[in-house]
Protein chains: 2
Amino acid sequence: MNPASDTRERILHTARELFHARSYADVGIKEICDSAQVQKGSFYHFFPSKRELAMAVIDDMAEDWAHGFIAEAFDRDLPPLERLDYMIDAAYYWQKAAKDLEGRMPGCLFGNLALEISTRDEVLRAKLNAVFAKASSQFEETLDEAIEQGLIAPLDCAATAQAMLAYLEGMILLAKTRNDPEVIRELGPAIKTLRIGGAAEN
Amino acid sequence: MNPASDTRERILHTARELFHARSYADVGIKEICDSAQVQKGSFYHFFPSKRELAMAVIDDMAEDWAHGFIAEAFDRDLPPLERLDYMIDAAYYWQKAAKDLEGRMPGCLFGNLALEISTRDEVLRAKLNAVFAKASSQFEETLDEAIEQGLIAPLDCAATAQAMLAYLEGMILLAKTRNDPEVIRELGPAIKTLRIGGAAEN
DNA sequence: ATCATAGTAGACCAGTCGGTCAAGTCAAGG
DNA sequence: CCTTGACTTGACCGACTGGTCTACTATGAT
């Protein structure tokens, strides 16, 4: 019953690419339909509105992440600190590949959407927030383990995890603004210097 | 000759507020005109296009910053490390005030615009990039002085300055997504732990 | 064969978009 | 007083927006 049609997935995939490459507001349903070779009627058969499409796109990408590079980078078989390096590397190569292909750095879809629509749509905002919370918890686990293994001095793992996520998003923002993925490689390693709590600093 | 009309400034001011509170694409010229009590024709007398308006808004805000809180926070009479605290505080109180007033955290106008349009407009992107470069140079000066005064161990000031700016923008992004300015207060102080170069880390 | 149902097709809608334009108002300079 | 030119007014434009609608096809169960 399933392979009957991949229309829904084509729409989803196309929308994700277009939203990522440009922005939510800037991509119209017509363009998505044309690009996905789908008619308007089919679109509205699967998605009740553009907003719902955005929801689905976020879910779709979050799931891809969870089973893709997040699962790889935060692999519990990797030494904790190497996971951070892996993550930075993955971010770098991804953005670089995208830039080499399309000429522009798309940045992080979640970050992009968050800044664009979180003041306009509470539900979307909450959804994006949940994605970030989950990402943060991955950092937290990593930090927990690193402390457990005596690799770093004790610190406030939850807060530091958020700081690391913030730093990652900030780096990507800066890199996108400069349209230069190298920023991530330059600034990336410093993510490990971030710490909140533990040894009293200042 | 000057006080004859404040139309241009009304447009500029209104546009800045609306762009900041929502987004570039989401705010139409009609809305700006209505809100500023100006007619379409008058708008196009002062600004040849919406894009040029965006340019002017960026310039306007950048100048306000340079003479406002940037000048205060990075006051050379303040001890270097205190400048960083001042900056975080200023960011926090600003966002908190905005949220208390309008219910939502607007975030950083430059960051918002950067993620929204830097893939679509090279000139705008370059302009935003210049704003960030200037901000980064403020951090750099601060770090230079801190090292000079023996307050911190030597490090790569230019790179660390960028890292700090990235962290600041990332914090604001996260705070906006959570719609909670307290994030800035929680994560802010860790900006001083960031370091690139100097004592070999890892 | 029939019928329900999922999906497709694309014309159509009201409203909005950024932008144009002709017709003015008005104060300063001659 | 007349002219000039900065500024204002609001009707108007074609293109495009998100979304609706009806008619249609394909499939699979009965």
*asked:* What's B:Gly28 touching, base or sugar-phosphate or nothing? Going by heavy atoms closer than 4.0 Å.
replied: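 Touches sugar-phosphate only.
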
Measure the distance from [atom1] on [X] to [atom2] on [N] and round it to the nearest whole Å.
{"X": "B:Ile29", "N": "D:dT9", "atom1": "CD1", "atom2": "P", "value": "17 Å"}
{"X": "B:Leu53", "N": "C:dC17", "atom1": "CG", "atom2": "C1'", "value": "15 Å"}
{"X": "B:Gln37", "N": "D:dT8", "atom1": "CD", "atom2": "C1'", "value": "14 Å"}
{"X": "B:Phe43", "N": "D:dT9", "atom1": "CZ", "atom2": "P", "value": "15 Å"}
{"X": "B:Phe47", "N": "C:dT20", "atom1": "CZ", "atom2": "P", "value": "15 Å"}
{"X": "A:Glu52", "N": "D:dG18", "atom1": "CD", "atom2": "P", "value": "15 Å"}
{"X": "B:Ile117", "N": "C:dG18", "atom1": "CD1", "atom2": "C1'", "value": "16 Å"}
{"X": "B:Lys50", "N": "C:dC17", "atom1": "NZ", "atom2": "C1'", "value": "9 Å"}

*Centres of the A:Phe74 and A:Tyr86 rings: under 6.0 Å?*
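That pair fails the under 6.0 Å test.
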
Of the candidate nucleotides [options], which contains the atom at the shortest distance from the side chain of [X]?
{"X": "A:Thr7", "options": "C:dG18, D:dG19, C:dT8", "answer": "C:dT8"}
{"X": "A:Lys30", "options": "D:dT17, D:dA6, D:dG10", "answer": "D:dT17"}
{"X": "B:Ser42", "options": "D:dG19, D:dT8, C:dG19", "answer": "D:dT8"}
{"X": "B:Lys40", "options": "C:dA9, D:dG18, D:dG10", "answer": "D:dG10"}
{"X": "A:His45", "options": "C:dT8, D:dC7, C:dG18", "answer": "C:dT8"}

*Carefully, step by step, assess B:Leu173 and A:Phe132 under the rule side chain to side chain contact (heavy atoms under 4.5 Å, CB included).*
CA-CA 11 Å; B:Leu173 185 153; A:Phe132 284 142; 3.9 Å; yes

*Under a 4.0 Å N-O cut-off, is there an ion pair linking A:Glu31 with A:Arg22?*
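Here A:Glu31 pairs with A:Arg22 in a salt bridge, since their nearest N and O are under 4.0 Å apart.
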
*State whether B:Tyr44 places a side-chain N or O below 4.0 Å from either non-bridging phosphate oxygen (OP1 or OP2) of C:dT20.*
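No, no such contact exists.
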
*Report yes if a side-chain nitrogen or oxygen of B:Gln39 is closer than 4.0 Å to either non-bridging phosphate oxygen (OP1 or OP2) of D:dT8; otherwise report no.*
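False: B:Gln39 side-chain N/O out of range (4.0 Å or more) of D:dT8 OP1/OP2.
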
*Could you tell me the separation between the CD atom of A:Glu140 and the CG atom of A:Leu143, rounded to the nearest 0.5 Å?*
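Output value for this atom pair is 8.0 Å.
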
*asked:* As an exercise, state the distance from CG of B:Asn179 to OG1 of A:Thr119, rounded to the nearest 0.5 Å.
replied: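 Nearest 0.5 Å value for the CG-OG1 distance: 9.0 Å.
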
